[in-house]
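What you see below is based on every heavy atom in this structure, not just the backbone, and it leaves out hydrogens, waters and symmetry mates.
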Amino acid sequence: MNQNYQEMDMRKKPQTHVTPLYCVAEGLSFVLAAFYNHKLFKSDEVKKLKGPYIVLANHASFTDFVDQFKSFHNRKMCWVVSIEEFYNNGEWVMRTLGCYPKRKFVPDVINVMHMMNILKSGKVLCIYPEVRFSFAGINERLDKALGKFIKKANVPVVLQMNYGNWIQSPQYNKHPLTHPKLKTEVKLLISKEDLEKLSAEEIQQKIEDNFKYNEYEYQQLEGFKIKSKTRLNNVHKILYKCPHCGAEFEMEGKGIELICHHCNNVYQQDEYGTLHNLNGETKFKCIQDWYKWEREEVEKEVRSGKYHFEDEVIFKQLFKPSVGWIKLGKMKFIHDYDGMHVTGTKDDGDYFEFHRGVDQLPSVHIEFNEKDKKDKKNAGSAIDFANKNETYFGWLIHQKNALVKIHFATESMHDMYLESLKKNSK
């Protein structure tokens with residue numbers, strides 16, 4: 001392989017010292033927080049923490065970083081960040097701010113080593129335990145190894161919950177020009193004394209019991225309006241199935257309306273985030289409930305044995321940031337009970353095959369608008385096909401609104417795999 005086409009150096013140690021750029025970013029965060037009218041509520045217990053600790057935070061948009069710089073002013077933080085962001089934003093910038101790269105949903109001993117070294121250096125480690133942005137303004141599943149790592153790390157755990165960030169900039173429509181009330185609550189979740197008493201399983205359960213949020217409920221509680229006339233643009237990327245006729249991938253979110261082009265039902269979202277069916281019965285009054293229903297529908301389909309998805313993808317491999325994405329070619333993608341399978345002939349004429357089984361996929365990393373600076377024409381719906389040593393992305397060609405269904409199905413099939421293991425072990 002050409003020497004210029006090397007993978008990113010995942011072993012490179014995270015930068016744990018304060019840099020001038022970090023200070024600039026921290027100062028800028030206070031300016032942006034004031035502009036967004038951000039309110040911070042931080043417990044006295046957290047204010048008194050001196051040593052290293054772990055921050056578990058929900059993740060909805062870029063504004064989360066603004067909230068964190070403000071919440072932990074004068075404490076150097078380090079972040080675990082998805083590998084492609086080092087290409088998107090520049091490796092020097094990301095590393096200088098204290099970030100280091102990780103391939104999502106891939107077991108990684110090096111990542112654990114980096115996290116332990118950050119804590120040993122006395123710094124604050126920020127983890128997004130959902131391993132993704134929130135798609136619908138509610139909590140996604142958490143990493144199941146979290147309790148074990150925290151038990152081993154033996155440092156306090158702080159919970160940071162950000163509210164309003166998803167409403168301001170949801171992943172399916174990052175620029176709806178909204179200006180909601182932003183709020184962050186920071187509290188001590190697990191103390192050093194708690195760590196001595198709790199098992200890894202009990203720590204995991206405590207985190208999952210407390211790591212809950214719902215942006216619709218937050219908006220109703222605060223009672224603020226979202227006056228943007230584009231607030232439902234592209235919402236079909238997550239609300240892809242009609243609850244009236246059952247048609248999939250025929251929804252269209254535009255302006256303040258969500259339309260099913262199969263049965264012509266039209267939903268409108270008011271300024272308080274509530275949905276209204278203009279044709280008759282309102283099946284769901286908010287995006288969050290609709291999203292949960294879709295998950296349940298996919299769960300039924302998977303367990304019935306009928307799930308199968310296939311499409312063509314533009315397949316690329318991501319190398320170190322100075323190289324970026326290298327297009328391999330157009331491939332066939334199949335997702336079924338055997339896992340994720342990509343096959344095809346590369347542009348250079350060589351045969352290519354990639355496979356990860358259901359047992360290796362607790363979830364999948366998806367992006368609604370992943371961009372390649374060198375190939376803007378193919379920006380859009382992408383799936384991460386990473387393994388331990390390589391990062392691949394596939395951009396869907398035909399069924400571009402199927403990402404969330406693939407996400408649901410991946411998790412459901414992995415659940416079935418774990419259930420079979422448990423049953424066979426008895």
* Asked: If you round to the nearest 0.5 Å, how far is CG of Asp311 from CD1 of Ile383?
  -> 8.0 Å
* Distance (rounded to the nearest 0.5 Å) between Thr391 OG1 and Gln317 CD -> 8.0 Å
* To do: Please test Trp293 against Lys283 for side-chain contact (heavy atoms from CB on, under 4.5 Å), starting from the C-alpha separation and ending with a verdict.
  => CA-CA 10 Å; Trp293 169 76; Lys283 294 282 188 178; over 6 Å; no
* Asked: Is the closest side-chain heavy-atom distance between Gln6 and Val323 below 4.5 Å?
  -> no
* **Residues, nucleotides or ligands: over 12 heavy atoms within 6.0 Å of Lys371 NZ** => no
* Keeping the roles fixed (side chain from Gln288, backbone from Ala136), state whether a donor-acceptor pair exists under 3.5 Å. => yes
* For residues Gln160 and Asn162, is any side-chain donor paired with an opposing acceptor at under 3.5 Å? -> yes
* Note: Glu26-Lys76 ion pair, threshold 4.0 Å (strictly below) -> no
* Parallel, tilted or perpendicular for Phe72 and Tyr53, by the 30°/60° rule? -> tilted
* **Any donor-acceptor N or O pair under 3.5 Å, side chains Asn58, Asn139** => no
* Got more than 12 heavy atoms from elsewhere within 6.0 Å of CZ, Phe35? -> no
* Asked: Has the side chain of Tyr337 got a donor or acceptor atom that lies under 3.5 Å from a matching backbone atom of Lys306?
  -> yes
* Do His414 and Gln360 have a side chain donor and acceptor closer than 3.5 Å? -> no
* To do: Check the pair Tyr172, His236 against side-chain hydrogen bond (donor to acceptor under 3.5 Å, both in side chains), reporting the backbone distance first and the verdict last.
  => CA-CA 8 Å; Tyr172 57 81; His236 56 267; over 6 Å; no
* Evaluate side-chain contact (heavy atoms from CB on, under 4.5 Å) for Leu142 paired with Glu130, printing each intermediate quantity in order. => CA-CA 5 Å; Leu142 303 187; Glu130 297 164 287; 3.7 Å; yes
* Classify the angle between the aromatic ring planes of Phe352 and Phe315 as parallel (below 30°), tilted (30 to 60°) or perpendicular (above 60°). => tilted
* First locate atom OG of Ser381, then atom CG of Leu396, and finally report the distance between them rounded to the nearest 0.5 Å. => 6.0 Å
* Asked: Are more than 12 heavy atoms from other residues, nucleotides or ligands located less than 6.0 Å from atom NZ of Lys330?
  -> no
* **Distance-only side-chain donor-acceptor flag, Asp209 / Gln205, under 3.5 Å** => yes
* To do: Using a cut-off of 6.0 Å, state whether more than 12 heavy atoms not belonging to Lys285 lie near its atom NZ.
  => no
* Pair Arg95 + Asp9, salt bridge at N-O below 4.0 Å -> no
* Using distance alone, with no hydrogens and no angle criterion, decide if Ser29 and His73 have a side-chain donor and acceptor under 3.5 Å apart. => no
* **Short side-chain to backbone donor-acceptor contact, Ser134 and Ile138, under 3.5 Å** => yes
* Any Lys/Arg nitrogen of Glu84 or Lys316 sitting under 4.0 Å from an Asp/Glu carboxylate oxygen of the other? -> no
* Asked: Shortest non-hydrogen contact from Val80 to Tyr128?
  -> O-CD1, 4.4 Å
* Asked: Are the aromatic ring centres of Tyr213 and Tyr218 under 6.0 angstrom apart?
  -> no
* Judged by atom type as modelled, is there a donor-acceptor pair below 3.5 Å linking the side chain of Asp350 to the main-chain atoms of Lys346? -> no
* **Any Tyr22 side-chain heavy atom under 4.5 Å of Met77 side chain** => yes
* Asked: Just checking, is any N or O donor in the side chain of Gln168 or Ser61 under 3.5 Å from an acceptor N or O on the other one?
  -> no
* To do: Can you establish whether the number of heavy atoms outside Phe30 located under 6.0 Å from its atom CZ is more than 12?
  => yes
* To do: Without swapping roles, check the side chain of Trp395 against the backbone of Glu370 for a donor-acceptor pair under 3.5 Å.
  => yes
* To do: Start with the C-alpha distance between His244 and Asn279, add both sets of side-chain angles, then the distance that settles side-chain hydrogen bond (donor to acceptor under 3.5 Å, both in side chains), and finish with yes or no.
  => CA-CA 11 Å; His244 296 274; Asn279 302 78; over 6 Å; no
